[in-house]
Undergrad: 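Quick one: the structure is below, questions incoming.
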2 protein chains.
Amino acid sequence: MPPRDEHDYEDRRQQIIRGALDAFAAKGFDSASNKDIAEAAKIGSPGLIYHYFRDKVDLLHQVILEQMPLIEIIDSAEAMMDRPPEEALPEMARKLMGAIHQWPTVAIARVVIAESMRNKRVASMVSDIGPGRGMRILATYLERQMDAGRLRRMNPHIAARLLVGPIIAYMITGYIFEQPEIQSVLPEEMAKQTIESFLRAMAPDGA
Amino acid sequence: MPPRDEHDYEDRRQQIIRGALDAFAAKGFDSASNKDIAEAAKIGSPGLIYHYFRDKVDLLHQVILEQMPLIEIIDSAEAMMDRPPEEALPEMARKLMGAIHQWPTVAIARVVIAESMRNKRVASMVSDIGPGRGMRILATYLERQMDAGRLRRMNPHIAARLLVGPIIAYMITGYIFEQPEIQSVLPEEMAKQTIESFLRAMAPDGA
DNA sequence: CACTATTGATTGACTGGTCAATCAATAGTG
DNA sequence: CACTATTGATTGACCAGTCAATCAATAGTG
């Protein structure tokens with residue numbers, strides 16, 4: 001059954017996806033009802049959702065697939081493979097921090113993390129397109145820098161986590177647990193210190 | 001109304017708490033029904049839950065309060081305040097990794113993080129007794145070591161996240177996203193590398 | 001020591017309500 | 001007019017929490 005107009009169809013679909021993201025971010029996937037979604041998306045009826053999506057889980061999957069902004073960042077990171085860490089890492093951090101400051105990133109992160117926590121299918125889907133792919137690319141990059149003698153040699157997957165871990169800890173303690181001591185530290189400051197420490201720890205033995 | 005037998009009462013209560021933890025970890029707080037909990041706890045009826053707990057949220061709170069194994073670790077960490085990092089950090093890591101190997105730790109982490117994501121009351125409760133307190137104690141310890149000249153001086157809250165972050169990243173990528181590359185790295189290895197890197201990065205400038 | 005009263009523990013049925021999903025009817029469009 | 005888009009009512013499942021009734025252990029009594 002071809003849709004009446006390809007563009008209208010896609011616009012409507014996106015409208016529902018964006019509304020669903022708002023609703024999921026506000027209430028979580030389970031607690032956001034189709035009525036909530038319909039209201040957030042400004043469509044007249046919950047029933048319409050089923051014209052565009054198989055079911056609620058399908059809608060969640062489409063939201064995740066089409067709204068994960070990390071994907072472009074990971075792509076751009078892939079282009080930096082041969083630049084030395086002192087340049088490439090701050091550049092990546094700058095892009096990442098820029099993304100964090102935008103609403104959809106935080107919203108989608110909430111949804112994705114909460115849902116990955118208890119749904120293995122979502123977790124592996126998310127991992128494939130987002131964090132998993134990102135970590136793998138980062139590890140490849142670090143390994144190449146080790147080969148080039150610019151970093152001390154070690155398991156690159158461990159090294160990737162040494163680099164990314166502090167930022168994750170910063171985000172969890174700051175954004176989720178809202179610990180007051182860390183609120184006064186700016187993201188840029190945290191990124192700078194993390195990279196500095198990483199490079200210090202990973203300096204080649206000869207240096 | 002005192003219970004017939006204090007021990008029986010407490011045993012039953014714990015039985016329900018453990019069952020609830022299993023159910024919450026498997027399905028999440030909202031999706032786990034009282035029937036699920038009753039089955040997991042091997043009690044005959046969902047109604048019995050209300051003999052021991054005010055409501056479902058009260059049950060969640062009790063699960064978190066009584067099953068967060070981090071609490072003892074934090075207590076023991078407080079005793080190490082004056083020992084040098086080369087001794088104290090591996091000791092803390094050993095205890096932490098021991099906890100990670102046990103099922104309840106990962107289960108409770110799943111529940112707690114997912115729930116903190118959308119419930120600020122739970123988030124701050126959790127933060128007060130677990131991660132928040134732990135991070136604060138760690139920061140105090142690190143600051144004291146900086147004062148003693150055993151570590152390079154920097155914001156101790158950032159330093160605490162530099163140390164703990166990689167372990168968190170290791171847990172999230174390994175246990176929640178189940179990324180295969182990191183599965184072959186043993187927790188002990190990860191802890192050792194993290195501490196080594198941290199000490200390298202934090203070595204006093206003069207050294 | 002036998003018998004009964006009392007009390008807490010446990011059950012299963014029930015209630016008011018919510019929700020995802022379906023569907024028949026209608027509006028709109030090419 | 002043929003076909004899609006949209007609506008709103010409906011269905012059937014399920015759920016948190018309540019409650020009356022039953023069960024089992026203990027305490028009290030003569």
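Residue numbers begin at 1 in each chain, while the letters A, B, ... track the order of the sequences. The analysis underlying the following values was restricted to heavy atoms, covering all of them including side chains, and did not include hydrogens, waters or symmetry mates.
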Undergrad: How are the rings of A/Phe29 and A/Phe24 set to each other: parallel, tilted or perpendicular (split at 30° and 60°)?
TA: perpendicular
Undergrad: Rounded to the nearest angstrom, tell me the gap between atom CD1 in A/Ile16 and atom P in D/dA5.
TA: 11 Å
Undergrad: Between A/Arg133 and A/Asp128, is there a salt bridge with N-O shorter than 4.0 Å?
TA: no
Undergrad: Which part of the nucleic acid, if any, lies within contact of A/Tyr52, taking any heavy atom under 4.0 Å across all strands shown: a base, the sugar-phosphate backbone alone, or nothing?
TA: sugar-phosphate
Undergrad: Whole angstroms only, please: what is the OH-C1' distance between B/Tyr9 and D/dA24?
TA: 18 Å
Undergrad: Output yes when A/Glu178 and B/Lys120 qualify as a salt bridge under the 4.0 Å nitrogen-oxygen rule, no when they do not.
TA: yes
Undergrad: Go through the side-chain N and O atoms of A/Gln15 and A/Asp11 and say whether any donor and acceptor fall under 3.5 Å apart.
TA: no
Undergrad: Take nucleotides 11-23 of chain C nucleotide by nucleotide from the 5' end and write B, S or -, depending on whether a protein heavy atom sits under 4.0 Å from the base, only from the sugar-phosphate, or from neither.
TA: BB------SSBB-
Undergrad: Would a distance-only check, ignoring hydrogens and angles, find a side-chain to backbone donor-acceptor pair under 3.5 Å from B/Ser127 to B/Ala123?
TA: no
Undergrad: Anything under 30° is parallel, anything over 60° is perpendicular, the rest tilted; go ahead and classify B/Tyr52 against B/Tyr9.
TA: tilted
Undergrad: In whole angstroms, how far is the C1' atom of C/dT29 from the CG atom of A/Asp8?
TA: 10 Å
Undergrad: Measure CZ/B/Arg13 against P/C/dG8 and give the value in whole Å, please.
TA: 18 Å
Undergrad: Can you give the dot-bracket line for DNA chain D, where a pair is Watson-Crick or G-U wobble with both atom distances under 3.5 Å, crossing pairs use [ ], and | marks a partner on another strand?
TA: ||||||||||||||||||||||||||||||
Undergrad: C/dT10, OP1 or OP2 - any side-chain N/O from B/His51 closer than 4.0 Å?
TA: no
Undergrad: Within this structure, what is the CD-to-P distance between B/Glu10 and C/dG8, rounded to whole angstrom?
TA: 18 Å
Undergrad: Scan side-chain atoms only and decide if B/Glu66 and B/Gln14 contain a donor-acceptor pair under the 3.5 Å cut-off.
TA: yes
Undergrad: Rounded to whole Å, please give me the gap between CG in B/Leu59 and C1' in D/dC15.
TA: 15 Å
Undergrad: Where do B/Ile108 and B/Val63 land on the side chain to side chain contact (heavy atoms under 4.5 Å, CB included) test, with the steps shown first?
TA: CA-CA 8 Å; B/Ile108 197 80; B/Val63 168; 3.9 Å; yes
Undergrad: Is any side-chain N of the basic residue among B/Lys56 and B/Asp30 closer than 4.0 Å to the acidic one's carboxylate O?
TA: no
